[in-house]
Amino acid sequence: MRTLLLTGFGPFPGAPFNPTGPLVRALATQRHPGLVGVRRIAHVFPTSYDAVDVELPALIAHEVPDILLMFGLAARTRHVRVETCARNVRSRRQHDVAGFVPTDGTIAPNGPPQLPLRVPASRFVAAARVAGTPAALSHDACSYLCNYLCWRASEAAS
């Protein structure tokens, strides 16, 4: 049996409601013929750097997912963005729910400028469009927790 780990985030400063939490919970329980035989795990991260650093490795070790599908909120974007890479940046202006603001603008000071995400991105965009959802490829997950999670997940995948 394959395991699909679906992740979202809780509320954060500027977004008192984050739809990614309810979305991953719904996707984990939705009946669909393509998901027969797939064990689905939903996890909603508190929107904090510490939560990602502690919970992501524990989830991967415990659940051993074959697929990790992460959802994030880009409130000003009116289409689904399928990320193709994580950038080695962290916002030094926006605090997380714990009040933490990074003092270093990079995730990995000696790391590369970006890490590729092992994702069939074009297929995801095509599937979303067939379903009537506007979607596009993205090479910029911004500099907040969505990007940070992408970076940590890409590290874990390699």
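Nothing here was measured: the structure is a model prediction, and the numbers come from that model.
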- Query: Quick one: are V101 and Q94 in side-chain contact, heavy atoms under 4.5 Å?
  - Reply: no

Donor-acceptor pairs under 3.5 angstrom involving side-chain atoms of residues 28-35: please list them, not counting sequence neighbours.
unit_1: T29; atom_1: OG1; unit_2: R25; atom_2: O; d: 3.4
unit_1: T29; atom_1: OG1; unit_2: A26; atom_2: O; d: 3.2
unit_1: H32; atom_1: ND1; unit_2: G34; atom_2: N; d: 2.8

- Query: What residue pairs, at least two apart or across chains, pass side-chain hydrogen bond (donor to acceptor under 3.5 Å, both in side chains) with a residue in residues 114-130?
  - Reply: none

- Query: Do the non-hydrogen side-chain atoms of P109 and T106 ever get within less than 4.5 Å of each other?
  - Reply: yes

- Message: Checking N110 now: which residues fulfil side chain to side chain contact (heavy atoms under 4.5 Å, CB included) with it, not counting sequence neighbours?
- Response: none

- Task: Check whether any side-chain heavy atom of T7 lies under 4.5 Å from a side-chain heavy atom of V44, and answer yes or no.
- Result: no

- ring pair (Phe, Tyr, Trp, His ring centres under 6.0 Å) contacts in which one or both residues fall within residues 72-92, not counting sequence neighbours: none

- Mind jotting down which residue pairs meet the salt bridge (charged side-chain N to carboxylate O under 4.0 Å, His left out) criterion with at least one end in residues 95-116? Sequence neighbours excluded, please. none

- Given a cutoff of under 4.5 Å between side-chain heavy atoms of I, L, V, M, F, W and Y, with clusters grown through shared members, what are the other residues clustered with M1? none

- Task: Sort and list the pairs that fulfil ring pair (Phe, Tyr, Trp, His ring centres under 6.0 Å) and have at least one residue in residues 102-153, not counting sequence neighbours.
- Result: F12-Y144, Y49-Y148

Validation: residues 63-76 side-chain donor-acceptor distances under 3.5 Å, sequence neighbours left out:
unit_1: E63; atom_1: OE1; unit_2: R39; atom_2: NH1; d: 2.8
unit_1: E63; atom_1: OE1; unit_2: R39; atom_2: NH2; d: 3.1
unit_1: D66; atom_1: OD2; unit_2: T3; atom_2: N; d: 2.7

- Task: For residues V97 and P11, determine if any side-chain heavy atom of one lies less than 4.5 Å from a side-chain heavy atom of the other.
- Result: no

- Query: Quick one: are C142 and N147 in side-chain contact, heavy atoms under 4.5 Å?
  - Reply: no

- Taken in chain and number order and not counting sequence neighbours, the residues that satisfy side chain to side chain donor-acceptor pair (under 3.5 Å) with S48 are none

- Item | Partners meeting side chain to side chain donor-acceptor pair (under 3.5 Å) with T77 (sequence neighbours left out) | R81

- Message: Going by the rule side chain to side chain donor-acceptor pair (under 3.5 Å), which residues pair with S138 if we only count those two or more places apart in sequence or in a different chain?
- Response: E83

- Task: Give every residue pair that meets the salt bridge (charged side-chain N to carboxylate O under 4.0 Å, His left out) criterion with at least one member in residues 44-55, sequence neighbours excluded.
- Result: D53-R152

